[in-house]
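Here is the structure we will look at, set down as structure tokens.
Numbers here simply count residues along the sequence, with the first being 1. All figures in this text were calculated on a predicted structure; none of them were measured in a lab.
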Amino acid sequence: MLSPEEFEEAYDADELREELPASPVASLRDLQYLYGTLYTLATAGGGEYASYLTPDAAGDLVDTADSLVVVRVDLSGDDPRLADDETGPVEVTRYSDDLVEKVAHCKYPAARGIDHSVTHQAGRNSDPEKLARYANERLTKWATDDVVQETAEEHENGWVVDALAALGESEDALDEIEDGVERELGGESATALLTVRVKTDPAGDYRWPGEVDVFQAAMRARKLSKLVTKNKADDSSGDAVDLVTGQSARTVGTAEDPQNYFLGKQLEKFPGLDIEEAWRTHPISEDAAVTVMNAGAFVEACAYRTFGAKVYALPYFFGTVNPERAQSLYRILYAAATADDESRITAIERAYQYREECSFDENRLRFYVSAVLPHQTSRYDVVGETLNARLLYPAVVANAHSRILETAAFRDGDDATAALPTANWTLLSGDGATELLGPVTSGWYFAETFPRGDDDTDASADDPRIEALVDVLSGTSIPVSFLLDAYVDRIEADASDDDVEGFPVFRVASQYAQLCALADAGDGFLTGEGAKRPITEPPTYETRTMGSRDEITIPDGGFAGEQKLADFIDDTPALANDQRCGVFLLGALVGAVGNYQEWHEDRSTTLVDQFPVKSITANRVKKVTQDAIEKTLTYTRQEKKRGGQTYPGTKFDHIVDRLRERVINPDPDEWDLEKNDLRFYYALGVTYGMNDRSLYESDDTDDANADPEEN
């Protein structure tokens, strides 16, 4: 395959324009056709038969010893005969770069039958006997194939094929070929291509298959024959308008598809498909079908797996592809196709890396994105699909997420912890937008915050992780309720997971950072109606430039940051709703008391355990509030007796006072906040309360909570 530099040198703008589609990419088929065109130009070049060849199929044989076995046939006399010159009837040589085009190999992708071309690829380390048989089959099997013979009958030089077939009827000739192969290989096994060279002019040289038009025409016919008989169709072909070129042509109905979408078995695409009439349902011309098939290498290079699903992210430029954009696109595709298998970089990340080098307009670069679940060979369920994914969308989300981690919500102040905990988690560590782009585009961004799925790893057809991934890549709005449902499901699942110790504060913090990032990533990423609409508004937390601490001190509760809590509520639009703010404060109090119980009272079961997220309903808010406040009173009295501590009110009174205000009017029994809205903000409050402490306190965590006038 040509490098991008070689590609630019090989095709100037005028030449490239002649090869490119005249219409813009408007469908997956258009995109596959464009990929196939670029791949063909980069491997087999141009010309009538280029798209039918598979020059990369035997790429690993290039310049290896004994990799090309040639049967030499002299057809320049009255009767066909094997060459009797100094080279002899069989020549074994190297399959070199300069012979790739001449050998004109067209591999049949199935593991059965013979290749479409007269050139055939043998299996690895085939013994001399097998190679000799394959060599003979160039005459006895390929030349006598029905499709090849039909081509020969219509071609002006069809006699060349007939002559090969006639020579194949000679046992002496076949024995001579067999002896020649074994002699030239010295009895050793080899991995090789097998082909023929023919001499048709007494004064001429032996010509390679790529130099003999009837061989090429027969190769083309054999390949096309598979496009109308696959899946046991008799003849799925007819005259129609090609859906790729828009031209009237002979169209085929059972062409192969690089992504296995448009196949007879794919009932999602073709419900009730009649295989014989497939050319009417999905008409694609013969040449276009073959070009589409050539897109396979680039298509696979731009695919990756996540949650057991296969995600295709195929880049293209919006509008008609001109030579300049084609060169940029080829650079991206080439990088993907030649990348180290261990790189695990998605096509979107790679395009992001190339955005400056290629100097392309990011607003024009689009991606066809689809997520499919392969559950049988060549049979997929398409669970998400868009033609309008953009580099801009995941990059904007990654940038927004990076920004939120630099605010007071996630960075400590001068004397108090941040509102929410941070840790060495990718969604909390703040490693920067570039590092976050990979998690966003790969889907891992939602794997960390959404429920895992029924079988823990693989996605199902209605998996919310896939849906959210495709939404972000395509810039499609995500309903807030969808996120809250997923978040609460994961929190509740973690609570029953033996591998998760304690309350999942880092999970909740990651979810909240994601929620803020999507709200801040631009208009339309989040949608919500009524009471949920404020959640779609970005928070206005103060940006802090100081770095996060390398290690997070284990939350030990106690210190109440009056101003911090006031700022967090004021800067969070979602908490302008009294009911949501009330349940958040309830969670904050439960979290703060729970931490105190664990670290000061050495209790194994705390309020956090007593009131898990799944137990919180509007009807229980008053009961939980009463129990939490009673605990603060109890601990306040105990501390006063034990250590002479005095308070202007009670422990955690900065939370308690606000909580009392929110749970009185209206009465929680009259709240209409939806269940998962209620539960998520309760979980957020618990996370806040468990992280709320002074940075300078050690054992006596309540000094800062004491009345200043008493000190």
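Under a cutoff of 6.0 Å and an axis angle of 45°, Arg220 and Tyr49 do not form a cation-pi pair.
Smallest separation of non-hydrogen atoms from Arg222 and Val147: N-CG1, 3.6 Å. Shown here for Asp66 and Leu185, the closest heavy-atom pair between the two residues is CB-CD2, 4.1 Å. When all heavy atoms are compared, the tightest approach of Thr306 to Ser442 is OG1-O, 3.0 Å.
In this structure, the side chain of Asp115 engages the main chain of Tyr108 through a donor-acceptor pair within 3.5 Å. Between the side chain of Arg325 and the backbone N or O of Leu365, no donor-acceptor pair lies under 3.5 Å. Counting only distance, with no hydrogens or angles, the side chain of Ser67 and the backbone of Tyr95 share a donor-acceptor pair below 3.5 Å.
Residues Glu182 and Glu129 are in side-chain contact: their nearest non-hydrogen atoms beyond the backbone lie under 4.5 Å apart.
Judged by distance alone, the side chains of Asp30 and Tyr316 never bring a donor and an acceptor atom under 3.5 Å apart. Side chains of Asn294 and Thr40: a donor on one and an acceptor on the other come within 3.5 Å.
Between Tyr134 and His120, the ring-plane angle classifies as perpendicular under the 30° and 60° cut-offs.
Heavy atoms of other residues, nucleotides or ligands lying less than 6.0 angstrom from CD of Glu101 number 12 at most. Counting non-hydrogen atoms of neighbouring residues, nucleotides and ligands closer than 6.0 angstrom, the CG atom of Asp98 exceeds 12 such neighbours.
A salt bridge is defined here as a Lys NZ or Arg NE, NH1 or NH2 lying under 4.0 Å from an Asp or Glu carboxylate O, and Asp60 with Arg124 meets this definition.
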